[in-house]
Amino acid sequence: FNPSEDVEHDSAAFKSNDMEKAICYPKGDPDAIYIRKSDIELLQPEKCLNDTIIDFYINYLKNKLPSDKQDRFHFFNCFFFAKLAGLSRNDTSIACDGKAAFQRVSTWGRKVNLFKTDYIFIPINYSLHWSLIVICHPAEVMTCYRDEETKGSPKEACILHMDSRKGIHQDLHNVFQSYLCEEWKERHNNVRDDVSPKFLDLPFVPLELPQQQNAYDCGIFLLHYVERFLEQAPINFNRSMISKFSYWFPPPDAPLKRSHIQKLLIGMNLFTYQLISCVHFLLFTLVFFYFLGDITKFDFYFKILNFIVCV
């Protein structure tokens, strides 16, 4: 990871709690995330993470993937589920009408064919709690969807629900089954057969995973689940592998992520601040040698500055 390639920084803004932006990640991305000082403070113990920190770290994990593997995964941001489910600040009930839900997010999947990915990650936030949905091999819905047909198959379509406080987020299966069905029909509008039964039979699997022991670590556990899954995710996944999840997600690792993410963001901040200081020094040096008339040294420092700016 090279902070100079991925981060922009507003050093003056970073000193203010009311700043518009401090750290921009990744640099140059139209969907870049702006992390404020107040966001970073949520990484202190006993505080709940917000969508900014969740989206930042998921993007960071995505960008760490080898380029030849990135197409296997798709990551929706934290606002996708709220839009899909029709959630609002005053109404936290989930709207399950498939067509209406799809219309609310129909533009979100246009840049990528979800059915050509192996795994789709969706952060869930409602009722003051975070959990994670992972949709595995969505294209396989159309080839085998009954239990007897998938037995022994190396690749199986299913929806995994990873929740560090099981029972808070319930009745999610219809939302995602219906969404995938409408997404498929949008891309295959010449299909005559009714595909709805295949998607409604898509297995929804709540996983037995390490649980948080407090009321504030749900966001940390969500990020822990994403990171461990990315590290272990096989090319072909099926439900027989679920028994190995206790090995995938060792409980002691999750709380350590607070300090890890905090150090990561502070490191980005310090690196960029030092880079800005270096640029200021070079500009001052250029002006100095320009007025001295020392063209040789002026050209030398100009090349250094040009190299840093280009990088």
Side-chain angles (χ1 to χ4, degrees), residues 1-8 23-35 39-40 42-43 48-81 108-109 111-112 114 116-125 130-138 159-164 207 209-210 212 217-235 237 241 245 247-269 271-272:
F1 169 70
N2 185 348
S4 65
E5 294 180 356
D6 296 297
V7 182
E8 288 180 339
I23 298 174
C24 173
Y25 181 87
K27 181 177 67 175
D29 192 316
D31 298 320
I33 301 159
Y34 293 95
I35 304 104
D39 298 320
I40 297 176
L42 297 178
L43 291 164
C48 296
L49 301 191
N50 65 1
D51 52 86
T52 301
I53 296 296
I54 298 290
D55 281 336
F56 159 73
Y57 197 63
I58 290 177
N59 268 273
Y60 171 74
L61 294 175
K62 177 182 71 174
N63 291 330
K64 280 178 60 181
L65 292 169
S67 57
D68 60 332
K69 293 184 178 180
Q70 290 191 4
D71 289 343
R72 294 182 56 209
F73 307 95
H74 183 71
F75 303 83
F76 283 113
N77 66 25
C78 293
F79 298 103
F80 174 79
F81 174 73
W108 291 58
K111 294 181 180 180
V112 59
L114 298 177
K116 291 185 177 180
T117 63
D118 288 325
Y119 301 102
I120 303 167
F121 292 80
I122 306 173
I124 306 296
N125 180 245
W130 289 102
S131 68
L132 176 69
I133 289 289
V134 180
I135 302 173
C136 306
H137 304 308
I159 303 172
L160 306 180
H161 186 208
M162 306 184 190
D163 192 348
S164 58
L207 299 180
L209 295 173
Q212 65 190 88
D217 269 346
C218 52
I220 289 293
F221 272 77
L222 181 157
L223 296 177
H224 180 62
Y225 297 155
V226 174
E227 185 161 13
R228 294 299 293 175
F229 196 94
L230 287 174
E231 290 172 355
Q232 303 287 337
I235 295 177
F237 179 87
M241 298 178 178
F245 275 22
Y247 166 75
W248 283 21
F249 302 92
D253 289 1
L256 302 177
K257 277 194 169 46
R258 282 188 185 273
S259 59
H260 170 68
I261 300 171
Q262 190 175 47
K263 289 176 182 176
L264 180 67
L265 285 165
I266 291 173
M268 289 179 177
N269 174 47
F271 183 92
T272 343

Query raised in the report: Under the ring pair (Phe, Tyr, Trp, His ring centres under 6.0 Å) test, which residues partner Tyr225, sequence neighbours left out?
Result: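 Once residues adjacent in sequence are excluded, the partners of Tyr225 under the ring pair (Phe, Tyr, Trp, His ring centres under 6.0 Å) criterion are Phe249.
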
Report yes if the side chains of [X] and [Y] come closer than 4.5 Å at any heavy-atom pair, otherwise no.
X      : Y      : value
Val226 : Leu61  : yes
Pro123 : Trp130 : yes
Trp108 : Asn77  : yes
Leu265 : Leu43  : yes
Tyr25  : Tyr60  : yes
Ile124 : Asp163 : no
Leu230 : Phe121 : yes

Once you round to the nearest 0.5 Å, how far does [atom1] of [X] lie from [atom2] of [Y]?
X      : Y      : atom1 : atom2 : answer
Gln212 : His224 : CD    : NE2   : 12.5 Å
Ile220 : Ile261 : CD1   : CD1   : 5.0 Å
Asp31  : Lys111 : CG    : NZ    : 5.5 Å
Ile54  : Cys48  : CD1   : SG    : 10.0 Å
Phe73  : Ile120 : CZ    : CD1   : 12.0 Å
Ile35  : Cys24  : CD1   : SG    : 7.5 Å

How would you list, by chain and number, every residue that makes a side chain to side chain donor-acceptor pair (under 3.5 Å) with [X], sequence neighbours excluded?
X      : value
Ser131 : His161, His169
Asp71  : none
Asp39  : Arg36, Asn50
Asp217 : Asn214, Arg258

Please work out which of the three classes, parallel, tilted or perpendicular, describes the rings of [Y] and [X], given edges at 30° and 60°.
X      : Y      : answer
Tyr119 : His137 : tilted
Phe76  : His74  : perpendicular
Phe229 : Phe237 : tilted

**Report entry** Which residues share a side-chain contact (heavy atoms from CB on, under 4.5 Å) with Lys62, sequence neighbours left out
**Finding:**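 With sequence neighbours excluded, Lys62 shows a side-chain contact (heavy atoms from CB on, under 4.5 Å) to Asn59, Phe75, given in chain and number order.
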
Query raised in the report: Taking only residues two or more places apart in sequence, or in another chain, which ones meet Gln232 in a side-chain contact (heavy atoms from CB on, under 4.5 Å)?
Result: Arg228, Tyr247, Trp248

Show the nearest heavy-atom pair for residues [X] and [Y], with the distance to one decimal.
X      : Y      : result
Ile135 : Ile122 : CD1-CD1, 4.0 Å
Ser164 : Cys218 : OG-CA, 3.6 Å
Pro138 : Leu114 : CG-O, 3.3 Å

Query raised in the report: Among all residues two or more places apart in sequence or in another chain, which pass the salt bridge (charged side-chain N to carboxylate O under 4.0 Å, His left out) test with Asp118?
Result: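 So Asp118 forms a salt bridge (charged side-chain N to carboxylate O under 4.0 Å, His left out) with Arg72.
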
Query raised in the report: Are more than 12 heavy atoms from other residues, nucleotides or ligands located less than 6.0 Å from atom CZ of Phe79?
Result: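 No, because the 6.0 Å sphere around CZ of Phe79 holds 12 heavy atoms or fewer from other groups.
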
